[in-house]
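Only one structure is covered here, and it is reproduced in the block below.
In listed order, ligands and their atoms are each counted from 1.
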Amino acid sequence: MTARILTPTEPYDRHPAIIEGGELLRVGELVAFPTETVYGLGADATNPAAVEKIYEAKQRPGDNPSIVHVGHNADLLEIAVVEDSRIVALFKRFWPGALTMVLPALEPYKSTVGRGLDTVAVRMPGHPIALALIHAAGVPLAAPSANRSGRPSPTTAQHVFDDLGEVIPLILDGGPCMVGIESTVIDLSGEEAVILRPGVISASEISDVLGQPVRYAIPDDQKGHSPGTRHPHYQPRARVVLLERGISQSALAREIEMHVTTAPGGIGAILTSERALPAFPVPMTIRLARHTDALERNLYAYLRELDALGVGVILVESVDEGEAVMDRLRRAAERG
Ligand code: TXA
Ligand code: MG
């Protein structure tokens with residue numbers, strides 16, 4: 001199978017690509033689609049066999065639960081226990097948008113997308129193509145990021161094709177994702193509100209709405225932690241090395257020298273502060289992302305691009321703000 005890439009245009013709800021996507025989903029097939037954060041790999045969340053196909057296609061570890069994407073707030077009632085006033089406060093403020101809530105799950109969702117947990121993660125995406133597709137399917141969509149498991153998330157249709165083009169029938173193309181990193185995941189299944197994965201919606205924004213403190217999950221806190229974070233994530237083939245923000249010219253030169261022997265294909269660098277760059281003793285490919293949001297939006301594309309060039313090491317300069325992008329960088333720099 002080779003995936004077709006189709007580009008829906010407005011009005012989306014009547015576009016043949018959306019209608020076809022909805023039909024494929026209803027018969028249990030997979031369809032990749034753009035969201036404002038990253039591309040998702042969708043399946044009918046009410047069809048257990050379709051959900052299993054996601055795990056096969058991505059080669060995703062079976063214990064990593066998937067997010068359910070809804071097209072109407074009311075769909076939540078079929079998926080989770082919605083007695084908690086915090087849930088309504090958060091979806092009123094942030095949906096559609098980059099916030100995923102982990103909630104007590106209703107029965108079928110515990111075993112399918114929940115992978116045996118008592119909870120289910122739900123979000124309403126903000127991208128009009130995603131919403132049109134969910135409405136066309138007429139069911140909520142299970143959808144993890146549309147990358148092969150462990151790889152950087154896809155932020156263009158071509159990234160999805162590169163990873164999954166041989167195993168899925170259809171990719172909807174909505175251009176590059178505006179946000180570029182995945183949604184904030186907040187666990188509301190207990191009394192505390194715990195961020196399992198930081199994203200562009202910050203702890204303080206959530207805390208303001210809840211009138212309650214919000215804490216980050218501690219890495220080894222099994223209960224409060226997202227099961228997916230046990231597995232390698234966001235990793236290009238090249239080794240990723242994290243540099244401090246504003247690293248001096250001489251320290252950068254030392255880093256490069258240190259990696260020359262292990263990077264026969266050259267060195268890639270993603271730099272966030274401006275500098276006069278000296279001539280380097282090895283082939284260097286440099287990408288500049290001068291602001292935190294530019295680093296967020298371009299990070300995965302740059303990692304994939306540098307990988308495609310065959311570099312052995314990717315040096316990435318940190319940013320001061322941006323808990324979410326720093327979280328992804330730390331994970332990308334871990335070696336599984
Ligand atoms: O922005 C996003 O969230 C994208 C787009 C496509 O919506 N989706 C995405 O899905 O990033 P995925 O599967 O790549 O990441 C979902 C994260 C994983 O770390 C998973 O372990 C966690 O959410 N998760 C899902 N269900 C959970 C649950 N019931 N309890 C705790 N964590 C859960
Ligand atoms: Mg993912």
Side-chain angles (χ1 to χ4, degrees), residues 30-43 45 51 54-55 57-71 79-81 94-106 109-127 129-131 133-134 140-155 159-160 163-164 172 174 177-190 194-201 217 221-235 296 300 324 327-328 331-332:
L30 304 180
V31 177
F33 59 95
T35 81
E36 74 278 39
T37 58
V38 301
Y39 276 71
L41 179 61
V51 173
I54 292 178
Y55 287 77
K58 284 191 53 139
Q59 298 174 334
R60 182 176 176 87
D63 65 349
N64 191 359
S66 296
I67 299 174
V68 178
H69 294 66
V70 296
I79 299 169
V81 181
F94 295 112
W95 280 7
L99 184 74
T100 297
M101 293 191 255
V102 172
L103 306 171
L106 293 178
Y109 292 91
K110 292 183 187 179
S111 51
T112 55
V113 288
R115 314 312 282 180
L117 297 174
D118 287 332
T119 53
V120 59
V122 193
R123 106 168 168 104
M124 187 191 291
H127 197 295
I129 293 179
L131 289 171
L133 181 69
I134 299 168
L141 300 184
S145 50
N147 51 287
R148 207 165 272 267
S149 191
R151 300 257 302 138
S153 294
T155 55
H159 294 162
V160 180
D163 278 18
L164 302 174
L172 298 179
C177 298
M178 294 299 289
V179 175
I181 57 170
E182 308 83 349
S183 61
T184 304
V185 177
I186 182 138
D187 186 354
L188 295 171
S189 64
V194 183
I195 293 194
L196 304 181
R197 180 177 71 184
V200 288
I201 296 178
D221 169 2
Q222 282 305 323
K223 187 178 160 289
H225 214 237
S226 185
T229 54
R230 283 198 298 271
H231 304 287
H233 262 78
Y234 319 121
Q235 293 182 344
E296 282 165 354
Y300 294 141
D327 165 75
R328 306 311 189 271
R331 305 289 309 284

Closest candidate by heavy atom, reference [atom], pool [options]:
{"atom": "atom 33 (C) of ligand 1", "options": "G199, P144, P65, S153", "result": "P65"}
{"atom": "atom 16 (C) of ligand 1", "options": "I67, V179, T119, I54", "result": "I67"}
{"atom": "atom 26 (N) of ligand 1", "options": "A121, P154, G180, A146", "result": "A121"}

Backbone N/O of [Y] and side chain of [X]: donor-acceptor pair under 3.5 Å:
{"X": "Y55", "Y": "N64", "answer": "yes"}
{"X": "R60", "Y": "P65", "answer": "yes"}
{"X": "T155", "Y": "G180", "answer": "no"}

field: Partner of P125 by side chain to side chain contact (heavy atoms under 4.5 Å, CB included), out of T35, V70, L133
entry: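 Of all the options given, the one that passes is T35.
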task: Run through V122, L117, V185 and flag the one making a side chain to side chain contact (heavy atoms under 4.5 Å, CB included) with V102.
output: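 Going through the options one by one, the only one that passes is V185.
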What atoms in ligand 1 come closer than 4.0 Å to a heavy atom of [X]?
{"X": "E182", "answer": "1 (O), 2 (C), 11 (O)"}
{"X": "S183", "answer": "1 (O), 2 (C), 3 (O)"}
{"X": "G40", "answer": "6 (C)"}
{"X": "L117", "answer": "28 (C), 29 (N), 30 (N)"}
{"X": "N64", "answer": "18 (C), 20 (C), 21 (O)"}
{"X": "L196", "answer": "31 (C), 32 (N)"}

query: Side chain, backbone, both or neither: which part of D187 comes within less than 4.0 Å of ligand 1 when only heavy atoms are counted?
result: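 Contact part for D187 vs ligand 1: neither.
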field: N, O or S atom of S149 closer to the Mg ion (ligand 2) than 2.8 Å
entry: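 No, outside the cut-off.
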query: Without hydrogens or angle criteria, can the side chains of T37 and S183 be said to hold a donor-acceptor pair below 3.5 Å?
result: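 There is no such pair between these side chains.
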message: Quiz question: by atom type and distance under 3.5 Å, do the side chains of S145 and E182 form a donor-acceptor pair?
response: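 No, no side-chain donor-acceptor contact under 3.5 Å.
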- prompt: Taking the inter-plane angle between the rings of H69 and F33 on a 0 to 90° scale, is it parallel (under 30°), tilted (30 to 60°) or perpendicular (over 60°)?
  reply: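 Judged by the thresholds at 30° and 60°, the geometry between H69 and F33 is perpendicular.
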Within-cut-off N or O pair, [X] and ligand 1, under 3.5 Å:
{"X": "H69", "value": "yes"}
{"X": "R123", "value": "yes"}
{"X": "R60", "value": "yes"}
{"X": "S145", "value": "yes"}

field: Heavy-atom pair of closest approach, residues L172 and Y39
entry: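 Of all heavy-atom pairs spanning L172 and Y39, the closest is O-CE2, 3.3 Å.
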query: Quick one: CE on M101 to CG on D187, what's the gap to the nearest 0.5 Å?
result: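 Reported value, rounded in 0.5 Å steps: 12.0 Å.
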